[in-house]
Amino acid sequence: MALRLYNTRTRAVEPFVPIERGKASVYVCGMTPSFHPHLGHARTFLTFDLLCRHLRAQGYAVTYVQNVTDIDDRIIDRSHIEGVPWTDVVARYLGEYEWCATRLGLAQPDVSPRATDEMHGIIAFVQELIDKGAAYETTDGVYFAVESFPSYGQLSRRNIDELRAGERIAVREEKRDPLDFALWKKAKPKEPTWPSPWGPGRPGWHIECSEMCRHYLGGQFDIHGGAADLVFPHHENEVAQTEKVTGLHPMANFWVHAGLLQVDGQKMSKSLGNFIPLKTFLEQHSAAAIRYLFLQTGYRKPSNFTPAALEAAAKGLRGLYSDLESLRSMASQHAASADAVNTPEFDAYLDDDLNTSGAVGWLQKTVRDKRLQAAQRSAAEQAAAAAETVAKADRCLAILGLPLTEHAAGLTAAPGTMALTESQRAALQALVDGSGGFELDDAKLIERVVARRNAERASKNFAESDKLRAELLKAGVVVRDSTSGTEWSFNGSS
RNA sequence: GGCGACAUAGCCAAGUGGUAAGGCAGGGGUCUGCAAAACCCCCAUCCCCAGUUCGAAUCUGGGUGUCGCCUCCA
C-alpha cells in the first residue's frame, strides 16, 4: 500500500509518486502576519504537519518549506491602524504564530523563508517574466499578462472569459486585461520600499511564493499545499508565474488543499464576530484536544467548530490515553521487540488520502480491545501483549502528533483553570480552619480537605463526607475513591 | 448569476456495489456506604424521488438543503 492523495490539479485521488525516489518536496503557503493567527490557521498547518509526519514515517526524506509573507498590503494597513512600524506588526503577529505553532506541536519547517529576505530573487523573477514577454510595466507597477499564459484558470477550473465578465470595473486603466495582477507595486507615500529596476517598491502578492518554491525546491516539486481559499487567485497566479518562467508543467505534481474551518456553521471572519484568535484559544484549551478534533474530520471537508465538539474530542482522547495508561502499567518493565512495532492497518488509513478519522477510530478500537484481552491473560502473557500494544499505539500517536507524555497533563485541566478563585479558597479554608496554616498553597489546602473527608469516611460519617465532597466540587475539584486511595483533580474544561 | 463541496444515529464522524468503524452524549445492569472510574448490554438502513443491478449509503438522472469560492483570506 502506498500513499494516495487527492490532487486539486486533477480533481482525483492519485498515487503519490515522488519526482525523486524516497524524497518528498513540500511547499505550504504560510502566514501573512498582519493580524492574530486564528483557529483556521491551526487546522491548515496541522493538516500539513500530519502529511509530513506520515511521509516521514513511510521513509520519505521530506523537505518541508513553509514561507512567511512578511510584506503585504494588509501588513501596511495594520501598521497605519496601530500606529507602529510595519516591522513591529510582523514581529508581533509572527511571534504569536510561533508561540502557537510550538504549543500545537507543529514540526519545524525545514525552511521558513521570508519574503523580505528574498528580494533579489523576487526582483529577478519579475525581470524574467518581463524578458519573456509575460509581464509589463505601468506607471504604478509591473503586471503579469494573463493573456500570455493560455492555461490560466486550469488549476481552479475557472473560465477566463467568465472571470473577465464578472470583473469589476477596472480601476487600473493601464492594465491590459482586468485579470492581470501585480508582480511589483511601485512605492506610495508612507510605505516600505526596496530598490528595483522599476524604481522603489515592493512585491505583489503571489510572486514571493513562486520565487521561494523555485529557489528552495526547484522548478518542479512534489506537493504544494495551502488552505482551500488559496486555490484562486493565489495558487492560480503562482502557477502562471512559475510555469511561464520555467517552461515546466506542472509546477507541483500534487496540489493539496485543506478544507476551511467554520464556526457555528459559518465562515470565520472578523465581521461575523466568530473570529477565534488562536493564542487565546490555546491559553484556554488543550492543544491536544483541538488536534484530535481536527484529526477526527477529513482534512478536505469543511469542518464546523463547536465547543461541544471540542469537549467530545477532549473526552475521547482522554479515554484513549487512559486505556493506554492501563496497558502501560500491565506491561510493566516488559519491552516490545522493535520489529514488532508496525501498524499496517493504521498506515493504510493514512495512505488513503490521510483518512485520519478512520485511523483514529482504528486506534481507539484496537487499544480498547487489546486492553480488555490483556486483562484476561496470565501475568506473563499480559505484560508481553500489553507492551506490544503500547509500542504500536505510541507509534501511531507519534505520527498523529499526540504523544501521550507531552499532552496528558494538558488534558486534565486547562492552565487557566488550575487555580482556585479567592472565594473558593475562602470556602475551603473555612472547612479546615483550626488546622493552622492559612498560607497553604492550593494543592495543600485541597489535600487537607480531602484528608478530612477521608477521616469522616473512615468513621462511617458519610453524611459529612458527602458534604465535603460537594464543597470540593463547588471549588472545581473532583474526588475519586479507589482501593488504593483517594485521588483528586480539577474538573476544568479542556 | 458562474464554479465547487457537502448531506450517514441527539452531536462529531468513517465507510464508493454485498446487508452501517470509532468517539461524545443517552438508557439498562454489575461494582461502590454514596459517587466516580471500570466492566457488560442497548441505541441509525444512510436528505427526497426515479432508475441501473441478484444486491446501493455507496453508480446514474432529477429534486431539496447547507456551506464555500468567484474581492483580502489558512
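Proteins come first, then strands; the chains are lettered A, B, ... in the order of their sequence lines, and each starts at number 1. Bear in mind that the values here come from a model prediction, so they are computed numbers and not experimental data.
Spacing between B/G15 and B/C47 at atom P, rounded to whole Å, works out to 15 Å. To the nearest whole angstrom, the two P atoms, one in B/C42 and one in B/G51, are 37 Å apart. Nucleotides B/A74 and B/C49 place their P atoms 43 Å apart, quoted to the nearest Å. Here, B/A13 and B/A50 have their C1' atoms 30 Å apart, quoted to the whole Å. With both ends at atom P, the span from B/A36 to B/G26 equals 11 Å, rounded to whole Å. B/G65 sits 36 Å from B/C24 when the P atoms are compared, rounded to a whole Å. A distance of about 35 Å separates the P atoms of B/C48 and B/G29, rounded to the whole Å. Using C1' as the reference atom, B/C72 and B/G1 are 22 Å apart when rounded to the nearest Å.
Distance A/Phe294 CZ to B/A13 P: 12 Å, rounded to the nearest Å. Atom pair A/Gln296:CD and B/C11:P shows a separation of 16 Å (rounding to whole Å applied). A straight line from CG of A/Leu293 to C1' of B/G22 spans 14 Å, rounded to a whole angstrom. Summarising the geometry, the separation between CG on A/Leu472 and P on B/A35 is reported as 18 Å, rounded to the nearest angstrom. Regarding A/Arg300, its CZ atom lies at a distance of 11 Å from the P atom of B/A14, rounded to whole Å. Between A/Leu402 atom CG and B/G22 atom P there is a gap of 20 Å when expressed in whole angstrom units. Rounding to whole angstrom units, NE2 of residue A/His234 and C1' of B/U71 are separated by 16 Å. The distance from atom CG of A/Leu320 to atom P of B/G22 is 14 Å, rounded to the nearest whole Å.
B/G1: Watson-Crick or G-U partner is B/C70, with both key distances under 3.5 Å. For B/U19, there is no paired nucleotide, since no Watson-Crick or G-U wobble pair has both relevant distances below 3.5 Å. Across all strands shown, B/A44 forms no Watson-Crick or G-U wobble pair with both distances under 3.5 Å. In this structure B/A7 sits in a base pair with B/U64, meeting the Watson-Crick or G-U test at under 3.5 Å. The pairing partner recorded for B/U30 is B/A38, the criterion being a Watson-Crick or G-U wobble arrangement whose two distances lie under 3.5 angstrom. Summarising the base pairing, B/C59 is matched to B/G51 through a Watson-Crick or G-U wobble pair whose two defining distances lie under 3.5 Å.
In this structure, A/His38 reaches the bases: a heavy-atom distance under 4.0 Å links it to at least one base atom across the strands shown. Heavy atoms of A/Gly361 sit under 4.0 angstrom from at least one base atom.
A/Asp73 has a carboxylate O that lies under 4.0 Å from a charged side-chain N of A/Arg202, or vice versa, which qualifies the two as a salt bridge. Note on A/Arg453 versus A/Asp466: no salt bridge recorded, every NZ/NE/NH1/NH2 to OD/OE distance being 4.0 Å or above. A salt bridge between A/Lys185 and A/Asp72 is absent, with no side-chain N of the basic residue lying under 4.0 Å from a carboxylate O of the acidic one. Salt-bridge annotation for A/Asp347 and A/Arg395: present, with a side-chain N of the basic residue lying under 4.0 Å from a carboxylate O of the acidic one. The pair A/Arg92-A/Glu96 fails the salt-bridge criterion, with no side-chain N (NZ, NE, NH1 or NH2) lying under 4.0 Å from an Asp/Glu carboxylate O. Electrostatic pairing of A/Glu118 and A/Arg114 does not count as a salt bridge here, judged by no charged N lying under 4.0 Å from a carboxylate O.
The side chain of A/Phe462 lies closest to B/G33 when the candidates are B/G23, B/G15, B/G33. Side-chain atoms of A/Ser465 lie closest to B/G33 of the nucleotides B/G33, B/A74, B/C24. For A/Arg11, the side-chain atoms get nearest to B/G4 when compared with the rest of B/A74, B/G15, B/G4. Here the side chain of A/Leu261 is nearest to one of B/G33, B/A74, B/A21, namely B/A74.
Looking at every heavy atom in both residues, A/Val256 comes nearest to A/Tyr6 through CG2-O, 4.0 Å. Nearest heavy-atom pair, A/Val231 versus A/Ser156, reported as atom, atom and distance to 0.1 Å: CG1-CB, 3.6 Å.
A cation-pi arrangement is absent between A/Arg74 and A/Phe35, since the terminal nitrogen or guanidinium carbon is not both under 6.0 Å from the aromatic centre and inside a 45° cone about the axis.
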Strictly under 3.5 Å: I want the nitrogen or oxygen pairs between protein and nucleotides 36-40 of chain B, one per line.
{"residue": "B/A38", "atom": "O3'", "partner": "A/Arg371", "partner atom": "NH2", "Å": "2.6"}
{"residue": "B/C39", "atom": "OP1", "partner": "A/Arg371", "partner atom": "NH1", "Å": "2.9"}
{"residue": "B/C39", "atom": "OP1", "partner": "A/Arg371", "partner atom": "NH2", "Å": "2.1"}
{"residue": "B/C40", "atom": "OP2", "partner": "A/Arg368", "partner atom": "NH2", "Å": "3.1"}

Return the polar atom pairs (N/O with N/O) between nucleotides 65-68 of chain B and the protein under 3.5 Å, or none.
{"residue": "B/C67", "atom": "O2'", "partner": "A/Gln262", "partner atom": "NE2", "Å": "2.3"}
{"residue": "B/G68", "atom": "OP1", "partner": "A/Lys267", "partner atom": "N", "Å": "3.1"}

Which pairs, protein N/O on one side and nucleotides 7-9 of chain B N/O on the other, fall under 3.5 Å?
{"residue": "B/A7", "atom": "OP1", "partner": "A/Lys301", "partner atom": "NZ", "Å": "3.4"}

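Side-chain atoms of A/Ser357 and base atoms of B/A14 include no donor and acceptor less than 3.5 Å apart. Donor-acceptor pairing under 3.5 Å, judged by distance alone, is present between the side chain of A/Arg457 and the base of B/G33. For A/Asp466 against B/G33, a side-chain-to-base donor-acceptor contact under 3.5 Å is present.
Between A/Cys52 and the options A/Val62, A/Leu106, A/Ile223, A/Asp110, a side-chain contact (heavy atoms from CB on, under 4.5 Å) holds for only A/Val62.
In this model, a donor atom of one side chain and an acceptor atom of the other lie less than 3.5 Å apart for A/Glu14 and A/Thr10.
A close approach under 4.0 Å does occur between a side-chain nitrogen or oxygen of A/Lys315 and OP1 or OP2 of B/A25.
Ring geometry, A/Phe221 versus A/His224: the interplanar angle falls from 30° to 60°, so the pair is classed tilted. Using cut-offs of 30° and 60° for the angle between ring planes, the A/His41 and A/Phe45 rings count as parallel. Relative ring orientation between A/His206 and A/His234 is described as tilted, the plane-to-plane angle lying within the 30° to 60° band.
Each of A/Gly30 and A/Ala463 was matched to the nucleotide of RNA chain B holding its nearest heavy atom; the match closer to the 5' end belongs to A/Ala463. Place A/Asn355 and A/Arg43 on RNA chain B by their nearest nucleotides, and A/Asn355 ends up nearer the 5' end.
The aromatic ring centres of A/Phe181 and A/Tyr143 sit 6.0 Å or more apart.
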